[in-house]
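To start, the structure under review is shown below, and the notes come after it.
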Number of protein chains: 2
Amino acid sequence: MRILLIEDDPVLGMAVRDQILADGHGADWVTRLADAADAVHAAAFDLILLDLMLPDGRGSDFLRKLRSAGNATPVMVLTARDQISDRIAALDVGADDYLVKPFDLFELSARIRAVGRRYAGNPNPLVTLGDIEVDLAARSVRRAGQTIALTAREWALFDAFVQRPHQLMSKPQLEERLYSFDAEVESNTIEVYVGRLRKKLGADVIETVRGMGYRLGTPGGGA
Amino acid sequence: MRILLIEDDPVLGMAVRDQILADGHGADWVTRLADAADAVHAAAFDLILLDLMLPDGRGSDFLRKLRSAGNATPVMVLTARDQISDRIAALDVGADDYLVKPFDLFELSARIRAVGRRYAGNPNPLVTLGDIEVDLAARSVRRAGQTIALTAREWALFDAFVQRPHQLMSKPQLEERLYSFDAEVESNTIEVYVGRLRKKLGADVIETVRGMGYRLGTPGGGA
DNA sequence: GCCAAGCTGACAACCAGCTGAACGCAGCGG
DNA sequence: CCGCTGCGTTCAGCTGGTTGTCAGCTTGGC
């Protein structure tokens, strides 16, 4: 997906942009509405992330113009908790979703995926890995028809693999994904959770690359 | 669709009525609650647009009486920006949606269409979950042939689950659904209401996913 | 054979979620 | 006018699942 980020805060903007890129999407980041208008005019986006308070105007006004110009690109609004009236205005004018700051980057990923699904017109999003079925919306996993319950951490780890199929991920990378920036894990947590996932889903779900990290395996694909 | 407009401001009322007619719906316009009661008594509407400040009473009172009389017609509340407490009251008593004045007639059309879509898709809106039957239009739930009465909040929560079957919903998500945007809830309201729903509908209606949120279960189990 | 990297079973602390009860409030009937 | 009732909300205590950690063991590379 190609995503336009309209956000003037440099710290947040960079974090969000990095997360988008890490999820494998394309990211264009602008800090002013004028630039945003140019970008929208120049290229087609699959999703727009829109901050409501910007140096050169209000996001809701931008959205209104966008909509009345016939542009139906999904828009997700980023808003502080106290910008209630603005947020209502944005929804009224046609925002599709919103995120309240401060938000988890993990949450952001999930919502972006949701929009992607809606955009792709796929009502029942089932990811299939061999004989494993993953329902990202329900956060449930089935193997050979059997539903398997995952805990929050287990799911977070598994999700990291499913999002980037067959991509090699180092342990530090995974730690960052599981724990927010200030990750202070001085133990073998990742190894433990990889082990727990293998026990629940089967040993072939995750492949070890000695010295480098882990990678999605080919479950049931042994045949 | 046949729409009842309850609005005492002559300018706004006329504009809204014209917009409704222009959209190809039928419009009945009254300016007082007494007339509204007569109209509701005389005919069935597909949607009611309800101003909250009226010369002969408060719109929320009208809505309460409507609901307790068993009338489940979708109601969209028209409210000024500063009538927040009234708006909460309206949602408490069973409003389906609201519009903040001043609003675009364009927005109005869009929202009316949304209400239409919500119920139009299924002419017989009976959702079945195992041995539970949900009538979205009538706001009633039956389990094993037994009709179960839900309070406003209980219904709002249950509705959130039924609208997105088997999708995992975090507690913040559900809170926003129950309380609109304002009104910080700094307690375990969701947990309490999940508990009450389980007590009324059965423990298997809602599934807890620790650390992540809740999900519709599979009532009746085996099937 | 040796060493490093990875695996696993166990475990105590923690915390998310459940529950019963209490309180305030508003509507309603007497 | 007043008490009753039902609903919504909050709170505190409890419980059990989840989690991070560690120690010892296994595996793979050289």
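All values below were derived from every heavy atom in this structure, side-chain atoms included, with hydrogens, water molecules and symmetry-related copies excluded. Since the model is a prediction, treat every value here as computed from it, not as a measurement. Just so it is clear: chains get the letters A, B, ... in the order the sequence lines come, proteins before strands, and each one is counted from 1.
A/Leu174 has its CG atom 12 Å from the P atom of C/dG6, to the nearest Å. What separates NZ of A/Lys171 from C1' of C/dG6 is a distance of 6 Å, to the nearest Å. Distance B/Leu157 CG to C/dG17 P: 14 Å, rounded to the nearest Å. One atom, CE of B/Met212, and another, P of D/dG17, lie 16 Å apart when rounded to the nearest Å. As a whole-Å value, the separation of B/Glu207 CD from C/dG17 P is 14 Å. With rounding to whole Å, A/Tyr179 atom OH is found 15 Å from D/dT18 atom P. Atom P of nucleotide C/dT19 and atom CG of B/Leu197 are separated by 12 Å, given to the nearest angstrom. At whole-Å resolution of the value, CG in B/Leu150 and P in D/dC7 are 11 Å apart.
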Show the distances under 3.5 angstrom between N or O atoms of the protein and N or O atoms of nucleotides 27-30 of chain C.
{"unit_1": "C/dG27", "atom_1": "OP1", "unit_2": "B/Arg64", "atom_2": "NH1", "d": "3.2"}
{"unit_1": "C/dG27", "atom_1": "OP1", "unit_2": "B/Arg64", "atom_2": "NH2", "d": "3.4"}

Nucleotide N/O to protein N/O under 3.5 Å, stretch nucleotides 8-11 of chain C:
{"unit_1": "C/dT8", "atom_1": "O4", "unit_2": "A/Asn188", "atom_2": "ND2", "d": "3.0"}
{"unit_1": "C/dG9", "atom_1": "OP2", "unit_2": "A/Lys199", "atom_2": "NZ", "d": "2.8"}

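Contact check, A/Arg153 against D/dG20: a side-chain N or O comes under 4.0 Å of OP1 or OP2. Dashed line: the shortest gap from a side-chain N or O of A/Thr189 to OP1 or OP2 of D/dT21 is under 4.0 Å. Side-chain N/O atoms of A/Tyr193 include one lying less than 4.0 angstrom from OP1 or OP2 on D/dG20. For D/dG8, the OP1/OP2 oxygens have a side-chain nitrogen or oxygen of B/Thr151 closer than 4.0 Å. Under 4.0 angstrom from either OP1 or OP2 of C/dA5 there lies no side-chain N or O belonging to A/Thr208.
Nucleotides of DNA chain D nearest to A/Glu154 and A/Arg210 differ in position, and the one nearer the 5' end is that of A/Glu154.
The side-chain tip of B/Arg153 does not point at the ring of B/Tyr193 from less than 6.0 angstrom away and within 45° of straight on.
Once rounded to the nearest 0.5 Å, the distance linking CG of B/Asp8 with CG of B/Leu54 reads 5.0 Å. Rounding to the nearest 0.5 angstrom, the gap separating the CG atom in A/Leu78 from the CG atom in A/Leu5 is 7.0 Å. Here the straight-line distance linking atom CZ of B/Arg210 with atom OG1 of A/Thr151 works out to 10.5 Å at 0.5 Å rounding. In this structure, the separation between CZ on B/Arg17 and CH2 on B/Trp29 is 6.0 Å, given to the nearest 0.5 Å. Here A/Met169 contributes atom CE and A/Arg215 contributes atom CZ; the two are 12.5 Å apart, rounded to the nearest 0.5 Å. From B/Arg142, atom CZ reaches atom CD1 of B/Ile148 across 10.5 Å, with rounding to the nearest 0.5 Å.
In this structure, the nucleotide among D/dG20, C/dC7, D/dT18 sitting nearest to the side chain of A/Tyr214 is C/dC7.
In this structure, A/Asp159 does not pair ionically with A/Arg139, as no charged nitrogen and carboxylate oxygen lie closer than 4.0 Å. At a threshold of 4.0 Å, the pair B/Glu154-B/Arg196 does not count as salt-bridged, since none of the basic side-chain nitrogens sits closer than that to a carboxylate oxygen.
Closest non-hydrogen pair, B/Leu197 versus B/Leu150, comes out as CD2-CD2, 4.0 Å. Contact record, A/Leu178 with A/Ala156: CD2-CB, 3.4 Å, taken as the closest heavy-atom pair.
A rotation axis mapping the C1' atoms of four pairs onto the next four is fitted at both ends of the helix from C/dG1-D/dC30 to C/dG30-D/dC1 over five pairs, and the angle between these axes is 30° to 10 degrees.
When B/Ile6, B/Thr73, B/Leu66 are each tested for a side-chain contact (heavy atoms from CB on, under 4.5 Å) with B/Val40, only one passes: B/Leu66.
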